[in-house]
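Everything below concerns the one structure shown next.
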Protein chains: 2
Amino acid sequence: MRAQPQVTTPHIQCEDCPILHRAVCAKCETDELQELDALKYYRTVPAGHTVVWSGDEMDFVASIVSGIATLTQTMEDGRTQMVGLLLPSDFVGRPGRSEAAFDVTATTDVTLCCFRKKTFEEMMMRTPRIGQRLLEMTLDELDAAREWMLLLGRKTAREKIATLLAIIVRRDASLRLMGKDGPLEFDLPLTREAMADYLGLTLETVSRQISALRKSGVIELKGKRHITIPDLDRLLEETGDDADGGMFA
Amino acid sequence: MRAQPQVTTPHIQCEDCPILHRAVCAKCETDELQELDALKYYRTVPAGHTVVWSGDEMDFVASIVSGIATLTQTMEDGRTQMVGLLLPSDFVGRPGRSEAAFDVTATTDVTLCCFRKKTFEEMMMRTPRIGQRLLEMTLDELDAAREWMLLLGRKTAREKIATLLAIIVRRDASLRLMGKDGPLEFDLPLTREAMADYLGLTLETVSRQISALRKSGVIELKGKRHITIPDLDRLLEETGDDADGGMFA
DNA sequence: CTTCCTACTTGATCCGGATCAAGGTCCGAA
DNA sequence: TTCGGACCTTGATCCGGATCAAGTAGGAAG
């Protein structure tokens with residue numbers, strides 16, 4: 001199958017399908033973009049369902065178009081640790097590996113833009129830029145994972161919660177292209193339990209610390225999920241991170 | 001397991017310089033190997049000294065030839081978390097990034113095989129295979145970082161120590177190409193404090209748990225650093241990991 | 001409306017690992 | 001040889017977060 005060049009502006013597919021945007025569009029190589037575009041297919045996974053289990057054969061790679069998924073690891077006795085939070089535009093899968101290393105679970109309804117792994121690998125061979133972008137993205141993920149190691153190993157429960165909220169605000173704000181002024185607000189995309197699994201805490205501790213931050217006036221909440229940040233700097237102070245190095249630099 | 005291509009000559013450089021071995025030699029492209037080989041230079045860093053500070057301009061990439069280095073992150077109040085342990089053949093640096101994201105410190109005397117970053121990036125452009133190998137290596141590191149997140153977030157102190165010992169045994173054994181039979185022994189390459197920073201513990205807890213493992217007969221120690229593992233399976237049971245999935249699969 | 005269920009909150013208690021403190025051991029320098 | 005310092009061990013106590021337990025809020029189905 002071949003692409004029908006029925007495109008006026010190459011960016012339409014980019015908007016449509018983040019994987020193309022992030023892996024290819026750095027220099028917007030239109031021809032390759034169209035070739036790849038023709039091979040994509042979509043897949044939706046309902047909230048709560050698992051996309052792949054750790055150890056499963058995984059014959060595709062994908063990028064999140066909408067919704068939220070998690071990467072988790074579980075020990076035999078049930079202890080669970082989330083090792084990644086996948087938001088729209090994030091990449092799933094490993095060119096060069098056939099087995100999934102972690103469980104991927106949809107937290108909300110998720111739409112994936114997929115490519116058969118083999119197809120994608122061939123594309124990578126022919127288009128070095130894709131591999132380079134993927135390397136860049138992977139290096140970023142590695143940095144993020146290492147930042148998270150500091151959080152898991154050394155931060156207090158309160159700092160962990162504040163850091164998570166700060167990260168969600170930032171990702172949220174960057175998606176909505178908002179400035180830092182005005183009261184920031186958003187809905188928590190995770191249950192207390194999912195937050196606990198991400199932060200290496202129990203759900204009770206998460207609940208208590210959120211209440212504590214509310215009582216201190218660092219955050220306000222309407223209902224159980226809707227959070228308002230009256231003063232971002234106030235929240236950032238609670239994260240334990242360097243004032244404006246690191247996360248928001 | 002990966003097949004080792006049996007070639008007579010070009011491997012001399014490989015032995016010499018792990019970065020060539022790991023980044024280029026998967027298919028042993030001799031010409032490129034020699035071209036790259038001509039551009040390398042060596043650098044040695046004495047034990048205890050810092051190779052680069054987080055945030056520093058870093059105009060080279062390197063691979064560890066000998067010795068042990070650590071990747072660490074420190075909060076303003078001094079809390080420290082090691083986020084990576086760099087052993088011979090590991091890669092240091094980020095093509096495409098100019099600033100170091102973490103502190104790199106030599107734990108023992110370290111010899112690095114370096115390339116100017118620009119040189120290496122040009123080489124990557126011309127030789128897609130290098131980028132592909134680097135992507136593969138980075139994905140492996142990402143998996144390792146995520147495994148470590150489970151350790152930091154969910155494992156007990158005893159499990160953490162056992163896991164660290166198991167990892168050291170494995171890396172050590174693979175370097176020496178030993179089988180799993182006979183008593184395994186090695187010298188700890190880290191101080192109690194460095195282990196604590198790696199595991200998200202205090203040095204006192206590390207010391208106590210090592211004593212506890214000794215009293216249980218899981219390990220034996222001569223002096224403070226030399227460890228013997230009388231029964232590897234015994235140690236593996238203590239790690240909390242799946243019997244023979246995961247780490248030793 | 002009631003019922004049920006899931007997600008969440010809050011309280012009481014417990015415990016693993018942190019913290020504080022006091023040695024011990026080994027090694028290199030004077 | 002003694003001294004000082006880095007590294008390690010062990011004991012006593014403390015505390016943050018886990019665990020156990022009870023109850024609340026709110027949405028969906030009947």
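Numbered from 1 within each chain, the chains take letters A, B, ... in sequence-line order.
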Identify each atom pair where a protein N or O and an N or O of nucleotides 20-23 of chain D are less than 3.5 Å apart, giving names and distance.
residue, atom, partner, partner atom, Å
D/dC20, N4, A/Glu204, OE2, 3.2

When the axes are fitted on five pairs at both termini, how much does the helix from C/dC1-D/dG30 to C/dA30-D/dT1 curve, in 10° steps? 30°
Identified side-chain hydrogen bond (donor to acceptor under 3.5 Å, both in side chains) counterpart of A/Asp187 within the set A/Lys224, A/His226, A/Arg225: A/His226
For atom CG of A/Leu203 and atom P of D/dT24, their distance in whole Å: 18 Å
Count the heavy atoms belonging to other residues, nucleotides or ligands that lie under 6.0 Å from CD of B/Glu220, then report whether that count exceeds 12. yes
Mind checking B/Arg79 for me? I need base, sugar-phosphate or nothing, with any heavy atom below 4.0 Å counting as a touch. nothing
Between D/dG26 (P) and A/Lys222 (NZ): distance, integer Å: 15 Å
Least distance between heavy atoms, A/Pro230 atom then A/Gly217 atom: CG-O, 3.8 Å
Should B/Phe102 and B/Thr72 be marked as a side chain to side chain contact (heavy atoms under 4.5 Å, CB included) after you check the CA-CA gap, both sets of side-chain angles, and the distance that decides it? CA-CA 6 Å; B/Phe102 305 101; B/Thr72 58; over 6 Å; no
Side-chain donor or acceptor of B/Asp231 paired with backbone N/O of B/Asp233 under 3.5 Å: yes
So, the side chain of B/Arg154 versus the backbone of A/Thr80: is there a donor-acceptor pair under 3.5 Å, distance only? yes
Rounded distance in Å - CE (B/Met195) to P (D/dC7): 12 Å
Atom pair distance, as rounded to whole Å: NE2 in A/His226 and P in D/dG27: 15 Å
Restricting to non-hydrogen atoms, name the atom on A/Asp197 and the atom on A/Gln81 that form the minimum distance, rounded to 0.1 Å. O-NE2, 2.9 Å
Please give, in whole Å, the distance from C/dC8 C1' to A/Leu190 CG? 15 Å
Write down the distance between CD1 (A/Ile227) and P (C/dC8), rounded to a whole number of angstrom. 11 Å
Which atom pairs link the protein and nucleotides 15-17 of chain C when you take only N or O atoms and keep those under 3.5 Å?
residue, atom, partner, partner atom, Å
C/dG17, OP1, B/Ala157, N, 2.8

Closer than 3.5 angstrom, by distance alone: can the side chain of B/Asp103 be matched with the main-chain N or O of B/Ser54 as a donor-acceptor pair? yes
Whole-Å distance, B/Glu193 CD to D/dG5 P, equals 18 Å
Looking at A/Ser211, I'd like to know whether one of its side-chain N or O atoms comes within less than 4.0 Å of OP1 or OP2 on C/dT10. yes
Base, sugar-phosphate or nothing for B/Ser207? Non-hydrogen atoms, less than 4.0 Å. base
Evaluate whether atom CD of A/Glu204 has more than 12 neighbouring non-hydrogen atoms of other residues, nucleotides or ligands under 6.0 angstrom away. yes
Result for side chain to side chain contact (heavy atoms under 4.5 Å, CB included) between A/Lys155 and one of A/Leu199, A/Ile161, A/Thr163 points to A/Thr163
Are there more than 12 heavy atoms of other residues, nucleotides or ligands under 6.0 Å from atom CZ of A/Arg214? yes
Please report the distance, rounded to the nearest Å, between CZ in A/Arg214 and P in C/dC8. 14 Å
